Number of protein chains: 6
Amino acid sequence: MADLPHLTATGAAHMVDVGEKEKTHRVAIAEGYLEMSPAALTALVEGNLKKGDALAAARIAGIMAAKRTWELVPLCHPVALTHLEVEVEPVPDRVAVRCRARAETRERTGVEMEALTAVQVALLTVYDMCKAIDKGMRITDVGLVHKSGGRSGTWQRQG
Amino acid sequence: MADLPHLTATGAAHMVDVGEKEKTHRVAIAEGYLEMSPAALTALVEGNLKKGDALAAARIAGIMAAKRTWELVPLCHPVALTHLEVEVEPVPDRVAVRCRARAETRERTGVEMEALTAVQVALLTVYDMCKAIDKGMRITDVGLVHKSGGRSGTWQRQG
Amino acid sequence: MADLPHLTATGAAHMVDVGEKEKTHRVAIAEGYLEMSPAALTALVEGNLKKGDALAAARIAGIMAAKRTWELVPLCHPVALTHLEVEVEPVPDRVAVRCRARAETRERTGVEMEALTAVQVALLTVYDMCKAIDKGMRITDVGLVHKSGGRSGTWQRQG
Amino acid sequence: MADLPHLTATGAAHMVDVGEKEKTHRVAIAEGYLEMSPAALTALVEGNLKKGDALAAARIAGIMAAKRTWELVPLCHPVALTHLEVEVEPVPDRVAVRCRARAETRERTGVEMEALTAVQVALLTVYDMCKAIDKGMRITDVGLVHKSGGRSGTWQRQG
Amino acid sequence: MADLPHLTATGAAHMVDVGEKEKTHRVAIAEGYLEMSPAALTALVEGNLKKGDALAAARIAGIMAAKRTWELVPLCHPVALTHLEVEVEPVPDRVAVRCRARAETRERTGVEMEALTAVQVALLTVYDMCKAIDKGMRITDVGLVHKSGGRSGTWQRQG
Amino acid sequence: MADLPHLTATGAAHMVDVGEKEKTHRVAIAEGYLEMSPAALTALVEGNLKKGDALAAARIAGIMAAKRTWELVPLCHPVALTHLEVEVEPVPDRVAVRCRARAETRERTGVEMEALTAVQVALLTVYDMCKAIDKGMRITDVGLVHKSGGRSGTWQRQG
C-alpha cells in the first residue's frame, strides 16, 4: 500500500490516524462553572424555575451530549465510552453552578473531548433554564482537571 | 379542552408553551474565549497544528452545532434559523481564541441558546485541535452579548 | 407544473403532501404503561436503582425523543413543537409506571406521533434503569388519549 | 487513581462503568404488538394505505432506530451491533401487527435495549401509516423474549 | 441595530440571511443513476441480494436523509418539508438503477439540496446492498431536473 | 441457541451478521466529481462565493458525514473509524471539483460506504455553495478506487 498516497499532505483538516495506538484504559475529568446572579441561583436552588428542575435535566443532557461528541467536534474519533458520570451542583460561595464530568473508555483515543462536551452542554442546559431570570450569566473556567491512560500518560491540573 | 389537565403542575422539567408568542424577528449574539499557552496560539496562527486548520473547522462546527441546539439542550424548542454567522479568530493580546456567533430567526422563540451553542462547540473544536500542545487550556467568559426581538425586547451586555 | 408527474403513483412509501393543510393549533395526548414486578417498582420508588433516578431521566428522554420523531419515523413530517410535557409516575395499583405526554404545535400536521414517541422512549428509559432487577417487564397499552386541531377535528379515547 | 473520587455517590443518574465487563457474544430478542381495528389491518395487508407499504418501512425504521438506541435512552452505552434483524408481520388472529427484533454484539454490554427500541420504532412506523384509518390502536406487550451472553447468562421468557 | 456589525465581512463560510425572503411554494426534483454490472442488476431485480430488498430500503433511506439535509450540508438552512417522494427503479437499458426525488416546502429557502440528498443517499443504499457482487459501480449524473418557487423562478434542465 | 430461529429467512432487509468476521486493518478510498460551468469554477477558485470558502467547508462536511454513515445507510454496521482524510480540489482540465476520501478501521466490516459517503456529502456541500451561480451542475463518477483488508482482500479499480 506504500504507493497509495495519504491524501492530506497539506494543512487541511483531517481525522488523524489512531490505528496503531493501543487500546488502554483512559480516563478524563473536566469541570466548568456557570456564574449567575444571586437571584438566579436562589431560584434554581429553591426549585422555582419556570422550566423545572435544572440540575437533573443538566446531568442527563451532559451524559447524552458526551456520547455524541464525535458528531459535534469534526475531528474527534467515534469512541465507545465505558463509563460516564456528570455532577452538577450549586456552589454558593462563587454564586455559580459547577459541573464536573468523568469519562472513561478502553479504546485507542482519549476522552478529554467527551468530558468537556458533557460539561459544556450540562452548563448550557442550566443556562437555558435560568435565562428568564438572568441574561448576563457566564460559562467560565471550563477545562480539563485530570487525564490518564494512553501514550501521553497521566496529567493533572496544577493549582 | 379546559378539562384536559396540563400534565406538569409540579416542578418537573418541560418545554414551556410558546404557542401564543408572536413570530417576530429575533437576534442573538454570543461570544466566548479559549485561553491557551503562547506556544499553542503560535502553532494555531502559523498553521502548524497536526490536525490541520483549526479556525475554518471551528466555524463550520459552530454553525452545524447551532442548528442542532434543540437536540442537545433538553428544553429548547426546535427553531428554524434564518441566519447564522460564526467568527473565530486569534486574540493575541489575551493569548486566546475568541468566538462570536450571531443567530437570527423569525419564529416564536429566541435564539440565545443557538448563538451560545455555536460558540461552545466552535471553541471545543479549537480545543480539540490544540490539545496535543496544551492540556491546560480554558474555555471562559462565554455569554450573551446582545439580544433583540420578542416580548422581553432588546438587551445589551454592560461593560 | 401539471406536466411534472408525481413520482409515486404506486404503493411505494412516501411523505404525503401537507402543503395545502392549514396551520392550526394541534394537540395530542398519549399514554402508556411499563408493567414490572413489585420488587422493581419498589426499588424505583425508593430510589435504589443502580443507574440512578429513573423518573427524571425518563421525562427528559421522552422530551428529547419527541423532538426527533421525524428522524425516527420515516414518513413523519418535521414539525416545530410549541409545547411538550411528559409525566412519568408510579401507579402502585397496577404495579406499573405510567407515562403521559402532551404535545402541541401550530403547524400543518398533527403531533400524535410526537406524543407517542415521547411515551415510548420515556418508558424504554425506565425499562433500561430497572432491567437489572426484572427482565420480564412489559411496555403495554401505549395509545392516543386525545387529539384536537386539524381537518379531522377532536378525537377522544373511549372507555 | 484511588484518590480521584467517583463523582456520583448519590442517586444521580449516570452511565454505569462497564470497563471491567468481558467482551462476549451477546444476543437479545424482543417482541411486541400493535393492535388495531379489522379495517386498518385489512388496508395494511391489502396495500391500501395512503402512505404506502407499511411493513417494509417499519423494518427499515426499526433497524435504523436500534443503531441509535444510545442516542435515545440516556444511560445506554454506545454499542457496535454485529447483527440486527427486524421482522414485522400481520397476525390476523390477534387483529394486530407483530414485530420481533434480534440484536447481537461482541461488546461489553447487552443489547436488550437495542432489540426493544427496534420493536418500539417499527411499531410506531406502522402506527403512523395506519392512523388515518384508526386512531384507537394500541402498542402492547412489548418485552424481552430471550437474552444470552454476559455475566447474567441466558434468560428466556416464560409462557 | 445598525451598529451591530455582521460578523462575516470576510470570505468565511456562513449561513446566508434568508429572513427577508418570502414564504412561497417551492419544488425541486433531482435525479441520478447507479451504474452497475449486469450481474448486480440481475441479482437486484430478481431479489437475490444477501442483504434483502434494495429498492424499498433505498426509498426509505432517501426520504429519511432528505429530512436531515441541514444536518449534513453545513450551510443549508433547516427547512420543514411539506412533501417528499423518492422513486428508485431499475433502468435495464442503461444497466443502472435510477433514483428521482421530489421535495416541496412552503418556507423561505429552496429544497434543491433536499432532493439531491435524497437521491445521493438512496443510491448509496443500493450501492451498499449490491457491493458484495460488484465493487466497480458508479454513482453518476446526479443533478437537478426542475426547480420552481422563490425569487429565481422556474428552472428546467435542458436536454 | 440452535432453536432460536433467525428472523429473516425471507428477502426482508436486515443487517447481516458480521460477528464471526475478523478485526483487521481495513482501508477504502473513494472519489467523485462535481462538474460545473467555467463561471462557477472560477468563482469557487477565486473565493467569490456568496456563502464563503467552499473547499474547507466541504472537507469538514465530508469528514462529519462519514462518521454518520451508519445513521444514513440503513444496513451499514456502526464502525469506529481510526483514520479519515477528505481531499477536495478543483480540477480545471475537467471543469470540475474532485473529492477523494480515505477511510480506515480495525473493525469487523469494511469502510467503503464511509469513504463513499464522505465523497457524496463533500460534493453536495460544494454544490450548495455554487448553486446560486449554476443550477446545472452534476455529481458524477462517484465510486470506489481501492479497498484492502478483510476476507475479500485487496481490490483496485482498473483504468
Side-chain angles (χ1 to χ4, degrees), chain C residues 8 10-16 32-35 47-54 56-58 60-62 64-65 68-69 71-76 110 112-113 116-117 119-121 123-129 131-132 135-144 147 152 155-159, chain D residues 8 10-16 32-35 47-54 56-58 60-62 64-65 68-69 71-76 110 112-113 116-117 119-121 123-129 131-132 135-144 147 152 155-159:
Chain C
T8 311
T10 66
H14 61 288
M15 240 172 70
V16 299
Y33 293 84
L34 174 65
E35 295 178 342
N48 292 329
L49 299 174
K50 195 177 152 204
K51 291 190 172 188
D53 176 7
I60 299 294
M64 293 179 85
R68 301 177 75 182
T69 299
E71 286 186 24
L72 296 172
V73 182
L75 307 180
C76 274
E112 299 97 300
M113 298 314 300
L116 285 162
T117 299
V119 170
Q120 295 273 63
V121 175
L123 293 178
L124 279 174
T125 299
V126 179
Y127 188 108
D128 177 46
M129 297 178 81
K131 73 178 192 292
K135 284 177 182 44
M137 295 177 289
R138 303 272 177 114
I139 292 171
T140 205
D141 277 335
V142 178
L144 199 61
K147 172 193 181 303
S152 70
W155 178 90
Q156 194 83 24
R157 189 167 73 187
Q158 304 304 318
Chain D
T8 313
T10 66
H14 61 288
M15 241 173 69
V16 299
Y33 293 84
L34 174 64
E35 295 179 342
N48 292 329
L49 299 173
K50 195 177 152 205
K51 290 191 173 188
D53 176 6
I60 299 293
M64 294 179 84
R68 302 177 75 183
T69 299
E71 286 185 24
L72 296 172
V73 181
L75 307 181
C76 273
E112 299 98 299
M113 297 315 298
L116 287 162
T117 300
V119 170
Q120 295 272 64
V121 173
L123 294 177
L124 280 174
T125 300
V126 179
Y127 189 108
D128 177 45
M129 296 177 82
K131 73 178 192 292
K135 284 179 181 44
M137 295 178 290
R138 302 273 177 115
I139 292 171
T140 203
D141 276 336
V142 178
L144 198 62
K147 173 193 181 302
S152 71
W155 178 90
Q156 194 82 24
R157 189 168 73 187
Q158 304 305 317

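Note that this is a predicted model, so its numbers are computed, not measured.
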Under 4.5 Å heavy-atom distance to chain D, tell me which part of C:S152 shows up: side chain, backbone, both or neither.
side chain
If you tally heavy-atom pairs under 4.5 Å against chain C, which of D:L34, D:I60, D:N48, D:L124 wins?
D:L124
Closest non-hydrogen atom pair, C:A65 against D:L72:
CB-CD2, 4.3 Å
Nearest heavy-atom approach of C:Y127 to D:M113 is CD2-SD, 3.7 Å
To the nearest 0.5 Å, tell me how far D:K135 NZ sits from C:K147 NZ.
5.5 Å
Nearest non-hydrogen partners of C:Q120 and D:I139, listed with the distance
NE2-CD1, 3.3 Å
Region of C:M15 in contact with chain D, defined by heavy-atom distances below 4.5 Å:
neither
Residues that D:R138 engages under side-chain contact (heavy atoms from CB on, under 4.5 Å), provided they are two or more places apart:
C:D141, C:R157
Tell me the closest heavy-atom pair linking D:H14 and C:K50, and the distance in Å.
CE1-O, 3.2 Å
At a heavy-atom separation under 4.5 Å, does C:M64 approach chain D through its side chain, its backbone, both, or neither?
neither
Looking only at heavy atoms and a cut-off of under 4.5 Å, which of D:P74, D:A61, D:A57 has the most pairs with chain C?
D:P74
Can you list everything that forms a salt bridge (Lys or Arg N to Asp or Glu O under 4.0 Å) with C:E71? Sequence neighbours excluded, please.
C:R68, D:R68, E:R68
Among D:V16, D:T125, D:D128, the residue with the most heavy-atom pairs under 4.5 Å to chain C is D:D128
